[in-house]
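The model shown is predicted, which means the values in this text are computed figures rather than measured ones.
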Amino acid sequence: MGTAEDLADQFLRVTKRFLPHVAHLCLISTFLEDGIRMWFQWNEQCDYINMVWHCGNFLATVFVLLNMVGQLGGCILVLSRKFVPYACCGLFVLIAMQTIAYSILWDLKFLMRNLALGGGLLLLLAESRSEGKTMFAGVPSMGTNSPRQYMQLGGRVLLVLMFMTLLHFSMNALMILQDIVGTTLIILVAIGFKTKLAALTLVIWLFALNLIQNPFWRIPVYKPMHDFLKYDFFQTMSVIGGLLLVVALGPGGVSMDEHKKKW
């Protein structure tokens, strides 16, 4: 364990200058892909919304336009580090809109993945805030923990929902081992114990699973499975971006790692 932590610390020292930028790019990748896809599948998206909600062509077009502009605009703001809190809030709203519009609310797997994506945005919002400033003016703070640290806690907890969708609950020995290791790691991230090491291990594990389970590049573009795998691939990359932010920022004040320093 000590050797693994030393390797993780060495990795952080080497990558500290560009790791946050990689995390941001990974985090917004699903929004970027979805916004571009809406441009190229404009008619299909409008027809789908109109068919499901019977809202008429005008409202369906407005919905798709808001999603496309909002996602692409939010990505540009995040990558340029301009008005990041506003970009995060806008992307939160778009996640909520899509959850309702595409009936994700009733699909537990996709709902958990959307919540995990929200956790990544919460970490991005926490990163963008300075310790001395708060959006919650007038709200009394609890001890020395700032709202930013509670955002980091909420982001960590939501991120682990992605891994709940990867558990197999199979009697196969390899799958049982994978479930045990994965569950242990997500618990460590959630409670903030050995957080950077656990999050970095999850990044490697999730990236490998993503390449194996979602190889959309192997499926012809005209097949529906191509879009499904592509959607899953970039959503997973966004969660990886959130985990990389956990590695870069640390767990925050509301964590066992932080409380260990006081022992």
Side-chain angles (χ1 to χ4, degrees), residues 24-79 83-125 151 154-155 157-166 206 210 213-214 216 219 221-242:
H24 298 159
L25 182 60
C26 289
L27 185 55
I28 58 93
S29 62
T30 190
F31 299 106
L32 187 62
E33 185 276 330
D34 198 39
I36 293 172
R37 180 162 51 86
M38 285 188 170
W39 173 263
F40 286 104
Q41 297 181 358
W42 180 272
N43 291 330
E44 292 90 335
Q45 294 289 331
C46 292
D47 290 343
Y48 176 82
I49 294 298
N50 188 21
M51 178 183 68
V52 171
W53 292 98
H54 308 289
C55 57
N57 290 328
F58 175 74
L59 289 179
T61 301
V62 169
F63 176 83
V64 175
L65 181 64
L66 282 175
N67 271 271
M68 184 184 72
V69 174
Q71 289 183 109
L72 295 179
C75 291
I76 292 171
L77 291 176
V78 169
L79 291 178
F83 306 107
V84 175
Y86 298 103
C88 290
C89 291
L91 293 173
F92 273 125
V93 171
L94 291 177
I95 289 176
M97 288 173 57
Q98 291 182 359
T99 299
I100 297 171
Y102 293 102
S103 302
I104 293 173
L105 193 60
W106 314 118
D107 188 316
L108 185 60
K109 176 182 176 181
F110 285 104
L111 177 61
M112 292 175 75
R113 290 194 171 198
N114 266 18
L115 289 172
L117 187 58
L121 287 176
L122 202 56
L123 289 168
L124 182 59
L125 185 60
M151 289 180 187
V157 172
L158 288 175
L159 274 180
V160 303
L161 292 177
M162 164 63 80
F163 297 91
M164 299 301 294
T165 68
L166 299 176
L206 190 55
N210 202 24
Q213 296 181 355
N214 299 313
F216 67 89
I219 308 297
V221 177
Y222 60 85
K223 291 189 176 182
M225 184 57 67
H226 175 89
D227 282 341
F228 283 117
L229 292 180
K230 192 175 183 181
Y231 174 81
D232 277 355
F233 180 88
F234 282 103
Q235 265 217 331
T236 305
M237 289 303 298
S238 289
V239 175
I240 287 174

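In this structure, the separation between CD1 on I100 and CH2 on W53 is 7.0 Å, given to the nearest 0.5 Å. For the atom pair SG (C75) and NE2 (H24), the distance works out to 12.5 Å, reported to the nearest 0.5 Å. Taking CZ from F234 and CD1 from I36, the interatomic distance works out to 8.5 Å, rounded to the nearest 0.5 Å. Distance check: C89 SG to F83 CZ gives 13.5 Å after rounding to the nearest 0.5 Å. If you take CD1 on I28 and CD on E33, they are separated by 11.5 Å, rounding to the nearest 0.5 Å. If you take CG on N114 and CD on Q98, they are separated by 7.5 Å, rounding to the nearest 0.5 Å.
Taking 4.5 Å as the limit, some side-chain heavy atom of F92 sits within range of a side-chain heavy atom of L122. Between V64 and Y48 the shortest side-chain heavy-atom distance does not fall below 4.5 Å. Between T236 and R113, some side-chain heavy-atom pair lies under the 4.5 Å cut-off.
With hydrogens and angles ignored, the 3.5 Å screen pairs a side-chain donor or acceptor of H226 with a backbone N or O of I219. The backbone N or O of M68 lies less than 3.5 Å from no partner atom in the side chain of W39, so there is not a single donor-acceptor pair. A donor-acceptor pair under 3.5 Å is absent between the side-chain atoms of N210 and the main chain of L206, judged by distance alone.
In plain terms, the two heavy atoms of L117 and L27 that are nearest each other are CD1-O, 4.4 Å. In terms of heavy-atom proximity, A60 sits nearest to C55 at N-SG, 3.8 Å. Closest approach of P85 to L125, counting heavy atoms only: CA-CD1, 3.5 Å. Taking both residues in full, the closest heavy atoms of L159 and G120 are given as CD2-N, 3.9 Å, listed atom of the first, atom of the second, then distance.
Counting heavy atoms of neighbouring residues, nucleotides and ligands inside a 6.0 Å radius, atom CE of M97 exceeds 12 of them.
Just one residue in the list L121, L94, V78 forms a side chain to side chain contact (heavy atoms under 4.5 Å, CB included) with F31, and that residue is L121. Among F233, F228, Y231, the one residue that satisfies the side chain to side chain contact (heavy atoms under 4.5 Å, CB included) test with N214 is F233.
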| Check against salt bridge (Lys or Arg N to Asp or Glu O under 4.0 Å), K230 and D227 | CA-CA 5 Å; K230 192 175 183 181; D227 282 341; 5.8 Å; no
